[in-house]
Amino acid sequence: MPADANIARLIDLQEHVDQRGRLVVTEVGKNLPFEAARMFVISGVPEGEPRGIHAHKQCHQFLVCVSGSVKAMVDNGDVRQVVTLDRPSLGLHMPPLTWGAQYDYSDDAVLVVLASHAYDADDYIHDYEEFVGAVVTSNGSDIA
């Protein structure tokens with residue numbers, strides 16, 4: 001795949017640790033590949049409950065587990081992988097048309113999500129087959 005392919009990727013964030021504690025930094029255009037318009041926090045997820053299980057048509061997301069750990073499955077319609085988010089210095093960029101689910105939250109997990117767009121119910125794809133169709137259409141693969 002070309003380097004500019006629209007695929008999910010892990011990003012190491014700048015981390016500064018000294019006697020005062022830990023400071024983790026991300027900057028738009030450097031580590032954060034989009035300007036954030038929304039932030040939400042997920043915590044207190046009951047054992048065995050997944051979150052996500054959808055894709056976005058236009059919205060980018062950047063996930064950072066600032067406490068505890070969570071597994072994140074990402075799928076671009078061709079490749080599916082699972083990563084573990086378990087430190088605040090590791091972020092997961094999920095570009096548009098990435099199917100994602102988060103699961104196996106530790107009891108102390110706190111997942112912070114930065115999103116490129118304000119909430120829009122029409123931007124969500126909740127059906128996997130519809131997602132695959134959208135990926136095919138966006139790649140021009142449906143053109144004879």
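These numbers were taken from a predicted model, which means no experiment stands behind them. We use all heavy atoms of the structure for the numbers below, so side chains are in, but hydrogens, waters and symmetry mates are not.
Here the shortest heavy-atom pairing between Pro88 and Val66 reads CB-CA, 4.1 Å. Thr98 and Pro95 get closest at one heavy-atom pair: OG1-O, 2.8 Å. Nearest heavy-atom pair, His117 versus Arg38, reported as atom, atom and distance to 0.1 Å: O-NE, 3.2 Å. Leu111 and Tyr105 make their closest contact through CD2-OH, 3.7 Å (heavy atoms, listed as atom of the first residue, atom of the second, distance). Of all heavy-atom pairs spanning Val83 and Gln81, the tightest one is CG1-NE2, 4.0 Å. Minimum heavy-atom separation, Ser69 to Ala109: O-CB, 3.5 Å.
Contact annotation: the side chain of Leu114 never approaches that of Gln61 to less than 4.5 Å [non-hydrogen atoms, C-beta and beyond]. Using a 4.5 Å cut-off on side-chain heavy atoms (C-beta onward), Val82 and Tyr103 make contact. Between Arg80 and Met73 the shortest side-chain heavy-atom distance falls below 4.5 Å. Side chains of Leu85 and Leu63 form a contact here, defined as non-hydrogen atoms less than 4.5 Å apart. Between Met39 and Val112 there is a side-chain heavy-atom pair separated by less than 4.5 Å. For the pair Phe40 and Tyr119, the minimum side-chain heavy-atom distance is 4.5 Å or more. The shortest side-chain heavy-atom distance between Gln102 and Pro50 does not fall under the 4.5 Å cut-off.
From Ile11, atom CD1 reaches atom OG1 of Thr26 across 7.0 Å, with rounding to the nearest 0.5 Å. Rounded to the nearest 0.5 angstrom, Glu47 CD and Glu49 CD are separated by 10.0 Å. Taking CG of Leu13 as the reference point, atom OG of Ser89 lies at 6.5 Å (rounded to 0.5 Å). The NZ atom of Lys57 sits 6.0 Å away from the CD1 atom of Ile125 when rounded to the nearest 0.5 Å. Annotation: the span from Thr84 atom OG1 to Asp104 atom CG amounts to 8.0 Å, rounded to 0.5 Å. Atom CG of Asp123 is separated from atom OG of Ser116 by 8.0 Å, given to the nearest 0.5 angstrom.
Cluster annotation: Leu10 is connected to Val70 through the hydrophobic network of ILVMFWY side chains, with a link wherever side-chain heavy atoms come within less than 4.5 Å. Residues Val64 and Leu32 are members of one and the same hydrophobic cluster, defined by side-chain heavy-atom contacts under 4.5 angstrom among Ile, Leu, Val, Met, Phe, Trp and Tyr. Val45 and Leu92 end up in the same hydrophobic cluster when Ile, Leu, Val, Met, Phe, Trp and Tyr side chains are linked at under 4.5 Å. Hydrophobic clustering (ILVMFWY, side-chain heavy atoms < 4.5 Å, transitive): Val110 and Leu90 are in distinct clusters. Linking Ile, Leu, Val, Met, Phe, Trp and Tyr residues whenever their side-chain heavy atoms come within less than 4.5 Å leaves Tyr124 and Met94 in two separate clusters.
Within a 6.0 Å radius of CD in Glu15, other residues, nucleotides and ligands contribute more than 12 heavy atoms. Atom CG of Asp107 has 12 or fewer neighbouring heavy atoms from other residues, nucleotides or ligands inside a 6.0 Å radius. Annotation for Gln58: atom CD does not count as buried by contact number, only 12 or fewer foreign heavy atoms lying within 6.0 Å.
Checking Asp108 against Ser106 by side-chain atom types alone, a donor-acceptor pair falls below 3.5 Å.
Taking the six-membered ring where tryptophan is involved, the planes of Trp99 and Tyr128 are perpendicular, since the angle between them exceeds 60° and thus also 30°.
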Worksheet item: Could you walk me through whether Asp12 and Arg87 pass the salt bridge (charged side-chain N to carboxylate O under 4.0 Å, His left out) check?
Response: CA-CA 10 Å; Asp12 287 311; Arg87 62 186 188 275; 3.4 Å; yes
